[in-house]
Protein chains: 2
Amino acid sequence: MSNKNRQQALQLVKQLCQQRGLKLTTKRSNILQLMLTEKKGLSTYDIVDSYLAQYHQKISPVSVYRMLGFLIVEKLVHKISSNSQYIVCSHITCSHSHQMPLFLICNNCNQVEEVDAANELPAALEKNIVSTGFQLQNKALELHGICQICKNI
Amino acid sequence: MSNKNRQQALQLVKQLCQQRGLKLTTKRSNILQLMLTEKKGLSTYDIVDSYLAQYHQKISPVSVYRMLGFLIVEKLVHKISSNSQYIVCSHITCSHSHQMPLFLICNNCNQVEEVDAANELPAALEKNIVSTGFQLQNKALELHGICQICKNI
DNA sequence: AATGAAATGTTATAACATTGCATTTTATGC
DNA sequence: GCATAAAATGCAATGTTATAACATTTCATT
């Protein structure tokens, strides 16, 4: 994300936190900014390292977990559970509600692209499982493969 | 799985290993048997504990990882990466090829049901991502929710 | 029996995550 | 302003999942 867009995103998040009566503390904001500069998924410990590099200040993994927790609850960040990484929600700059995000995770370069599932996809899923009586709660699908860039290298 | 079906499954796996020139050692077989008695996903360390309880013999996590690795390569076991657990492939007693298994993982009781995706599902997925140039490699989808049994409790 | 390959054991360590309690910061009422 | 309660953060310990590196055992084949 460009520097300009990052600033814009941060402004929007500030507003949003104010509306919700939440505190976007310096460290939370720093972590969010870090993550906004990356299209790759980052592990908690990646963030610890990156934080030190960027802000010349140590932060403990525990703190990062808590801050990620905060950001996740507020739907500003997603956890990719198949590889224990975290990415900024692609809707952070807009007000879109989430239907069912698809995370396209590149097994080669680790970039994550978030796209929204068209309506027919949840429907097709539902059709596949209706006979089992299973009640789907998935908010997202994690799809692994090779991104366009890596494919063409 | 019933005791009878387990025996049958084991016999089939033995044959299969023979065909492929693989050794189904005692421990590999024991682990497979353990897993056949469970419909729940098991973590590596669950298996370690279970192994001790059933066979009164210690086995190290490292060994379990290796044996799971063997079973996974031979498509007898699946890894559920969203919760780091392992289950026996539901096709172990038949010769079905895998199209795209759907793992229906109960967030309450941890049971895993494996169903095959109808053809339209991969197609719907593909349609959703084709514009991104992303080349899907997923062999399976992990779906979380509440199973029929837990839903009705 | 000697050999080599595969399987398994052992130890250490990396990577990911949570708990519990202490301390600091911040918002709020007096 | 100041006391105080609540929220955020720091810190230490521990738990959980996974792999690496190297040693030993097992077993089929000569």
Side-chain angles (χ1 to χ4, degrees), chain A residues 13-14 17-32 34-35 40-52 55-74 76-87 105 107 110 112 142, chain B residues 13-14 17-35 40-52 55-74 76-87 105 110 112 142:
Chain A
V13 170
K14 266 185 200 163
C17 284
Q18 211 149 29
Q19 280 164 29
R20 296 186 191 168
L22 302 168
K23 278 183 264 191
L24 187 67
T25 63
T26 306
K27 295 192 172 176
R28 285 172 178 171
S29 169
N30 284 348
I31 283 181
L32 195 54
L34 266 186
M35 298 182 76
K40 294 196 311 181
L42 295 175
S43 75
T44 305
Y45 292 78
D46 288 340
I47 293 171
V48 169
D49 294 344
S50 197
Y51 199 101
L52 181 58
Y55 302 106
H56 310 292
Q57 198 186 340
K58 277 193 189 177
I59 191 166
S60 80
V62 185
S63 297
V64 174
Y65 275 112
R66 275 191 294 230
M67 290 164 197
L68 286 171
F70 169 85
L71 296 169
I72 289 169
V73 165
E74 299 307 324
L76 302 172
V77 163
H78 295 291
K79 175 170 183 175
I80 310 291
S81 59
S82 54
N83 59 10
S84 299
Q85 295 187 336
Y86 303 84
I87 58 159
I105 304 152
N107 288 330
N110 204 25
V112 180
E142 301 183 9
Chain B
V13 170
K14 265 183 201 164
C17 284
Q18 213 149 27
Q19 282 166 26
R20 297 186 191 169
L22 303 168
K23 279 183 263 195
L24 187 67
T25 63
T26 307
K27 296 194 171 175
R28 286 172 178 173
S29 169
N30 284 348
I31 283 180
L32 195 54
Q33 279 182 265
L34 267 185
M35 296 182 78
K40 294 196 308 178
L42 295 174
S43 74
T44 305
Y45 292 78
D46 289 341
I47 293 171
V48 169
D49 294 344
S50 197
Y51 198 100
L52 181 59
Y55 302 107
H56 309 293
Q57 199 187 340
K58 277 194 188 177
I59 192 166
S60 79
V62 183
S63 297
V64 174
Y65 275 111
R66 277 191 291 226
M67 292 163 194
L68 286 171
F70 169 84
L71 296 169
I72 289 169
V73 166
E74 298 307 323
L76 302 171
V77 163
H78 293 291
K79 173 168 184 177
I80 310 289
S81 59
S82 55
N83 58 10
S84 299
Q85 295 187 336
Y86 303 84
I87 59 161
I105 305 152
N110 204 25
V112 180
E142 302 184 10

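Order of the sequence lines sets the chain letters (A, B, ...), proteins ahead of strands, with each chain counted from 1.
- Side-chain atoms of Ile59(A) and Leu52(A), non-hydrogen and from C-beta on, never get closer than 4.5 Å to each other.
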query = So Tyr86(B) and Tyr65(B), side-chain contact (heavy atoms from CB on, under 4.5 Å) or not? Walk me through it.
reply = CA-CA 10 Å; Tyr86(B) 303 84; Tyr65(B) 275 111; 3.9 Å; yes

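- No hydrogens or angles considered: nothing links the side chains of Ser29(B) and Thr26(B) as a donor-acceptor pair under 3.5 Å.
- Minimum interatomic distance between Met67(A) and Ile31(A) (heavy atoms only, all atoms of both residues): SD-CD1, 3.6 Å.
- In this structure, a donor-acceptor pair under 3.5 Å is absent between the side chains of Gln57(A) and Asn30(A).
- Here CG of Leu76(A) is found 11.0 Å from CZ of Arg28(A). Values are rounded to the nearest 0.5 Å.
- Atom CG of Asp49(B) sits about 11.0 Å away from atom OG1 of Thr44(B), to the nearest 0.5 Å.
- DNA chain C lies under 4.0 Å from at least one heavy atom of each of the following residues of residues 55-66 of chain B: Ser60(B), Val62(B), Ser63(B), Arg66(B).
- When side chains are defined from C-beta on, Ser43(B) does not count as touching Ile47(B), because their heavy atoms never get closer than 4.5 Å.
- When the nearest nucleotides of DNA chain C are assigned to Gln85(A) and Thr25(B) by heavy-atom distance, the more 5′-ward of the two goes with Thr25(B).
- DNA chain C is contacted by Ser43(A), Thr44(A), Tyr45(A) of residues 40-47 of chain A, taking any non-hydrogen atom closer than 4.0 Å.
- Atom pair Lys27(A):NZ and dA8(D):P shows a separation of 14 Å (rounding to whole Å applied).
- Side-chain contact annotation: Gln85(A) with Asn110(A), donor-acceptor N/O pair under 3.5 Å present.
- Of all nucleotides in DNA chain C, those with any atom nearer than 4.0 Å to a heavy atom of chain A start and finish, going 5' to 3', at dC16(C) to dG20(C).
- Counted by atom type alone, Glu142(A) and Ser82(B) present zero donor-acceptor pairs between their side chains at under 3.5 Å.
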